[in-house]
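What's counted below: heavy atoms across the whole structure, side chains too, no hydrogens, waters or symmetry copies. Chain A is the first sequence line, chain B the second, and so forth, proteins listed ahead of strands; every chain is numbered from 1.
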2 protein chains.
Amino acid sequence: MGVPLNDRSQNILEAIVEDYIQTAEPVGSRAITKRHAFDLSPATVRNVMADLEEMGFLISPHTSAGRIPTEKGYQYYVESLLKVRDLPTEFRSSLEDDSRFAGKSMEDVMQEVGHLLSGISRYTGLVMAPRFNSTVFRQIEFVRLSKGRLLVIFVSESGLVQNKVIEPGIDFSQRELESITNYLNHRLPGMTITQVRERIAVELHEEQSRLNKLQKQALELSDQALQGDIAEQVYVAGTSHMLEQPEFTSPDSMMKIMRTLESKQQLIDLLDCSQAARGVQIFIGSQSSHAEIEGCSLIAAPFSGHKGAVGTLGVIGPIRMNYSQVIPIVDFTASLVSRILDRES
Amino acid sequence: MGVPLNDRSQNILEAIVEDYIQTAEPVGSRAITKRHAFDLSPATVRNVMADLEEMGFLISPHTSAGRIPTEKGYQYYVESLLKVRDLPTEFRSSLEDDSRFAGKSMEDVMQEVGHLLSGISRYTGLVMAPRFNSTVFRQIEFVRLSKGRLLVIFVSESGLVQNKVIEPGIDFSQRELESITNYLNHRLPGMTITQVRERIAVELHEEQSRLNKLQKQALELSDQALQGDIAEQVYVAGTSHMLEQPEFTSPDSMMKIMRTLESKQQLIDLLDCSQAARGVQIFIGSQSSHAEIEGCSLIAAPFSGHKGAVGTLGVIGPIRMNYSQVIPIVDFTASLVSRILDRES
DNA sequence: TATTAGCACTCGCTTGTGTTGAGTGCTAAT
DNA sequence: ATTAGCACTCAACACAAGCGAGTGCTAATA
């Protein structure tokens, strides 16, 4: 990224970013020399700071205040200066405490994970469950609700459960449904939902003749059941932590941020980016693509069982976020959830 | 409630409450005579207002401001003065638009209802799904996840689906599970979950001898599956509307209210009160019992299918809430959801 | 007797004016 | 190359003055 910085400049930039992360106040030359025992006078630091400002790493809110990092400043800090700390053992053990997840459904686990993320990081935790279409089909069940109305329940290999209501033209008896269920559950497991859909389409159109009535009904029913995308599930926890941040004290910004965190769709878009990646990803400020969320950074990581169901989790907070603390939290949590997913299957 | 008010005082109180609901500003004597064509001078109105203040219906924030209603004032207004308006047809038709709920699972319906409530009322919408223990059992399914780990899925008569993970000591085969499922699904439907639990306990202890191995295993498994309370489900929508209210502009109160709305448990406690009641209930300010939520009122109503699954929905907003608008919204929505529940069964 | 006009009074809000102090940039000395 | 010294800037705070909406009281009016 452009001009390389010499050691002294790096140290000072690091000090400024870290001080600002802690205090949320513009940091001045004197403050730096005091807190970090560089053997430099404030005047020297001032000169360096002026350089850093010229290079675009810092900015002064006004003449007589200290300086704060720009987005570029944070980026440089995260890429080159940041020392990722180990996850404190207290958190580690709190996360590894399996009893927390015992007897819980997958949804409840996701929700709990969200709360853990937000509780430990003291920012807002996000968990996006694996997109159902990419999960591996395990089992389907039909429940007859009333004349012509059926409840369909899918279970994925990773233990995720989804259900919807359909109204096929025909009113199946419980007996018929059992046969259909049986047929489908012997034929479909092992494929992803998307694959299942394709397979059904093929069989219905090209192999019509070879099927008996029951088989045809079964396929038609599951075709209908799988139609329409199943909405992504996002779990958000600790939104109020956002309001605790000094950068969001103004009522306006509070409303703005809360509205964004309320819109599941925006969060899905946000998390979708990290879906494909591997490992922890960091989006600083406007880097977070569809930047509805000004002034925020996102630290996200995908998780997945070995059967391939891929979800994303992360922490969202102000740009002035404690990166060195949050990154290991997200990292560890993602691998934790991956382990849980594996265990289920 | 104490001294009855004469017509003129009532009219003026009504005018003050309504003006204040609209403007959120203390209303003065002059403002009243202008907006509502009483044939009175400001001076007369002032006298009446002084009386109303003495009786505890009004209060002045300070000497030279107008007056605002006290909780008692709102209560009197709601009980005696309020004319509940009809639900505007636009909302009515928007709510009755069934396509909105087509193909959705019960959870999705609840969530959608929450959004409707908040969208139409412009306050925060709450929906509490029927307590699972009180719903009527319809079907149970077991899915073998891995060695020793089972996914249990319950479906209630009203179409609600719940699932959890259990680890019985034994590792059942898929075949065994099918038999067990079959046995249970022929014996248990028609009872509430609570009744099912009692029945199982009885059979396991008192009729041990009469059961064969499979039956015993089946009962033990379902006993374990039903152990532990299943958490209430609450859906909250439109929390950011709360921040739009002028009474919550201060950062402190914003944080307070958001924290409360984030805590599902507090909301459950809140909504639980109206569980038993019939029809719309109104809790004004500190009336809302476990009053963690200062300055808020709750309008809630239970809904239920004819099979008895009872949930609660409502709208929460500032005490200065538009009661005449929100009450019919909640009323209508509750009956709408009841209808949907019935349809499912 | 009920109502109203008139008036002095209260008090929060806005506006304007210093004052303070942290922090800067520049220059000259080291 | 570094640093001490110094003039300068500017947000933030505090204080005072003035405004104005609204009140309560009193005396006049229907």
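- Protein atom CG of Leu40(A) is 10 Å distant from nucleotide atom C1' of dT3(D), rounded to whole Å.
- Between the C1' atom of dG25(C) and the NE2 atom of His62(A) lies a distance of 15 Å, rounded to the nearest Å.
- In this structure, dT23(D) forms a base pair with dA8(C), meeting either the Watson-Crick or the G-U wobble geometry with both donor-acceptor distances under 3.5 Å.
- When rounded to the nearest whole Å, the span between CG of Asn47(B) and P of dT4(C) equals 10 Å.
- Summarising the base pairing, dT30(C) is matched to dA1(D) through a Watson-Crick or G-U wobble pair whose two defining distances lie under 3.5 Å.
- Atom CD1 in Ile32(A) sits roughly 11 Å away from atom P in dG23(C) (whole-Å rounding).
- Rounded to a whole Å, the CD1 atom of Ile12(B) is 14 Å from the C1' atom of dA2(C).
- Among the heavy atoms of the strands lying under 4.0 Å from Ser29(A) are primed sugar atoms or P, OP1, OP2 only; no base atom is included.
- Residue Thr44(B) has a polar side-chain atom (N or O) positioned under 4.0 Å from OP1 or OP2 of dT4(C).
- Comparing Ala65(A) and Val45(B) against DNA chain C, the residue whose closest nucleotide sits nearer the 5' end is Val45(B).
- With hydrogens and angles ignored, no donor-acceptor pair closer than 3.5 Å exists between the side chain of Arg30(A) and the base of dG23(C).
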| request: Show your reasoning for whether salt bridge (Lys or Arg N to Asp or Glu O under 4.0 Å) applies to Glu18(B) and Lys83(B). | output: CA-CA 11 Å; Glu18(B) 284 176 356; Lys83(B) 294 171 263 313; 5.3 Å; no
| said: Run the side-chain contact (heavy atoms from CB on, under 4.5 Å) test on Cys296(A) and Met242(A) for me, step by step, so that the C-alpha distance in whole Å, both residues' side-chain angles and the decisive distance to 0.1 Å come before the verdict. | reply: CA-CA 10 Å; Cys296(A) 289; Met242(A) 224 52 175; 3.5 Å; yes
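- Here Ser64(A) lies in heavy-atom contact (under 4.0 Å) with a base.
- For the pair Arg35(B) and Val27(B), the minimum side-chain heavy-atom distance is 4.5 Å or more.
- Remark: Thr63(A) is in phosphate contact with dC10(D), judged by side-chain N or O atoms under 4.0 Å from OP1 or OP2.
- Protein atom CG of Asn6(A) is 13 Å distant from nucleotide atom C1' of dA1(D), rounded to whole Å.
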| query | side-chain hydrogen bond (donor to acceptor under 3.5 Å, both in side chains) between Glu71(A) and Ser286(A): does it pass, once the steps are laid out? | reply | CA-CA 8 Å; Glu71(A) 278 188 23; Ser286(A) 61; 2.7 Å; yes
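- Of the candidate nucleotides dC6(D), dT23(D), dA5(C), dA5(C) has the atom lying nearest to any side-chain atom of Ser41(B).
- The CG-P distance, from Asp19(A) to dA22(C), rounds to 17 Å in whole Å.
- Residues Val17(B) and Leu81(B) have side chains not in contact (no heavy-atom distance under 4.5 Å, counting atoms from C-beta outward).
- Taking atom CE on Met49(B) and atom C1' on dG24(D), their separation rounds to 12 Å, with Å as the unit.
- For the pair Arg67(A) and dT24(C), the criterion of a side-chain N or O lying under 4.0 Å from OP1 or OP2 is met.
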